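As structure tokens, the structure follows; a few thoughts come after it.
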Amino acid sequence: MISRLLSLLCLRLCVGQTDIPENGSPPKPSLSAWPSTVLPTKSHVIMQCKSPTPSKYFILKKEGFALNSVKPYNLTEETADFHFTDLRQNDGGHYTCEYYSKWPHDTPSHPSNALFLLVTGYLPQPSFQAHHRGTVTAGSKVTLQCQKAGSVLGPVKFALLKVGHSTPVQTRSSTGMVSDFSLQNVTARDSGEYSCVYYQAKAPYRASGPSNLLEISVIDDHLPQDLAASTFPPQLTATSPKTPGTMTEGYTVDNLIRVGVAAAILLIVGGFLVEAWHSERLSPNKPCAPGEK
């Protein structure tokens, strides 16, 4: 009895393992992907398996089959990274991870929730548009429509993507050509750049390239008009697809105009100063300095 209590005390204080059940498997880990779960072909991704307790080693599985195992660097390691480079279509699919606990006696954990990896660029690009026209006001509804290419037959799934998010914002199944995504009661947090893809619902999960980006700005109608305009520029609306270089070109033109105006002002002021100085030197009423004739 005393030895059992000492073992439990060491397990909790020395190792930091607090939630392993006395009987059965340890708690399941979590599995995440960086930079995203939706990536273009030939890119790379890091899948990270994180356990709630220190682990002896981690196993990554795809569709239930073991792919790789990683040992932690030290006794307190609770994460493992699995690197994928030069992604291809056959890398797409459902992944899970498991870990083997150090105590007691190499117990395997439950598998993590499945992570779905999608490798894009194998079907034609979809079209993407917003139903809502004009400025998007906070609290309103925004509907975004993704349409697959007409040459692609059969049912597919659509995914709504947002720049900066590692997983799709929404997914939809459809037997038709289009799918609508609704953003309800939008807030400033919904502002950003969106795109969409479509893909086969079954292996090998062939996916399209992403659509053009569509930038959405949400204006809070409770803010003063001048403050709202300065916070959310009016040119960034739900109907303005963003093309590469548009914003950069705008800023470049504005800067050139500002530089030109500043240079003109400097030239005018400089001219006045030179003329005043010259007139002062030639003035007949200018008093002579002591000793001058």
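Just so you know, these numbers come straight off a predicted model, no measurement behind them. Values below: all heavy atoms of this structure, side chains included; hydrogens, waters and symmetry mates excluded.
Aromatic rings of F158 and F128 (six-membered ring for Trp) have centroids beyond the 6.0 Å cut-off, not under it.
Residue Q89 holds its CD atom at 11.0 Å from OG1 of T120, rounded to the nearest 0.5 Å. Interatomic distance, Q200 CD to K157 NZ, rounded to the nearest 0.5 Å: 12.5 Å. Atom CG in D91 sits 11.5 Å away from atom CG in L118 (nearest 0.5 Å). Taking NE2 of H83 as the start and CD of Q48 as the end, the distance is 9.5 Å to the nearest 0.5 Å. Taken to the nearest 0.5 Å, the NZ atom of K61 stands 11.5 Å off from the SG atom of C49. A distance of 10.0 Å separates OG1 of T171 from CG of L160, quoted to the nearest 0.5 Å.
Under a hydrophobic clustering in which Ile, Leu, Val, Met, Phe, Trp and Tyr are joined whenever their side-chain heavy atoms come within less than 4.5 Å, directly or via other members, L144 and V197 fall into different clusters. By the rule that hydrophobic residues join a cluster once side-chain heavy atoms approach within less than 4.5 Å of another member, V119 and L67 end up as members of one cluster. Under the 4.5 Å side-chain heavy-atom criterion for ILVMFWY residues, no single connected hydrophobic cluster contains both F116 and Y95. In the hydrophobic cluster analysis, where Ile, Leu, Val, Met, Phe, Trp and Tyr join through side-chain heavy atoms closer than 4.5 angstrom, L60 is grouped together with L39. Following chains of ILVMFWY side-chain contacts shorter than 4.5 Å, one cannot reach M177 starting from L123, and the two form parts of different hydrophobic clusters.
Minimum interatomic distance between Y99 and K28 (heavy atoms only, all atoms of both residues): CE2-C, 4.3 Å. A pairwise comparison of heavy atoms in S36 and V38 identifies OG-N, 3.0 Å as the closest pair. Nearest heavy atoms, T107 versus P26: CG2-CD, 3.4 Å. When every heavy atom of P124 is checked against every heavy atom of A149, the shortest pair comes out as CB-CB, 3.6 Å. Contact between P52 and P27 at its shortest, heavy atoms only, is CG-CB, 3.9 Å. Nearest heavy-atom pair across P168 and T37 is CD-OG1, 3.6 Å.
Residues Q125 and S208 form no side-chain contact, since every pair of their non-hydrogen atoms from C-beta on lies 4.5 Å or further apart. Taking the side chain as every heavy atom from C-beta outward, S112 and S30 never approach each other to under 4.5 Å. Contact check for K50 versus P29: no side-chain heavy atoms found under the 4.5 Å cut-off. Residues V136 and V142 have side chains in contact (heavy-atom distance under 4.5 Å, counting atoms from C-beta outward).
H131 and Q145 form a side-chain donor-acceptor contact under 3.5 Å, judged by distance and modelled atom types alone. No hydrogens or angles considered: nothing links the side chains of Y100 and S109 as a donor-acceptor pair under 3.5 Å. Side-chain atoms of K141 and N185 include no donor-acceptor pair closer than 3.5 Å.
Checked by atom type and distance alone, the side chain of S195 never pairs as donor or acceptor with a backbone atom of S211 at under 3.5 Å. The backbone N or O of L87 sits less than 3.5 Å from a side-chain atom of T41, completing a donor-acceptor pair. Of the possible polar contacts, none joining the S182 side chain to the Q184 backbone as a donor-acceptor pair under 3.5 Å is found. A donor-acceptor pair under 3.5 Å is absent between the side-chain atoms of K62 and the main chain of A66, judged by distance alone. Without hydrogens or angle criteria, S174 side chain to G176 main chain gives a donor-acceptor distance under 3.5 Å. Here the side chain of S69 pairs no donor or acceptor atom with the backbone of I59 at under 3.5 angstrom.
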**Request:** Could you walk me through whether D81 and M47 pass the side chain to side chain contact (heavy atoms under 4.5 Å, CB included) test, one step at a time?
**Result:** CA-CA 6 Å; D81 291 341; M47 293 190 185; over 6 Å; no
**Message:** Before you tell me yes or no, could you show the steps for Y205 and Y122 under ring pair (Phe, Tyr, Trp, His ring centres under 6.0 Å), namely the whole-Å CA-CA distance, both residues' side-chain angles and the distance that decides it to 0.1 Å?
**Reply:** CA-CA 9 Å; Y205 307 109; Y122 294 94; over 10 Å; no
**Request:** Could you give me the CA-CA distance, side-chain angles and deciding distance for L213 and V163, then say whether side chain to side chain contact (heavy atoms under 4.5 Å, CB included) is met?
**Result:** CA-CA 9 Å; L213 288 173; V163 174; 3.9 Å; yes
**Asked** Would L183 and Y194 count as a side chain to side chain contact (heavy atoms under 4.5 Å, CB included) if you check the C-alpha gap in whole Å, the side-chain angles of each, and the deciding distance to 0.1 Å?
**Response** CA-CA 12 Å; L183 303 177; Y194 292 82; 3.9 Å; yes
**Prompt:** Step by step, would you call F82 with F58 a side chain to side chain contact (heavy atoms under 4.5 Å, CB included)?
**Reply:** CA-CA 10 Å; F82 298 90; F58 297 82; 4.1 Å; yes
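The residues E193 and K162 are annotated as not salt-bridged, no charged nitrogen and carboxylate oxygen being separated by less than 4.0 angstrom.
In this structure, H44 and W34 have tilted ring planes: the angle between them lies in the 30° to 60° band.
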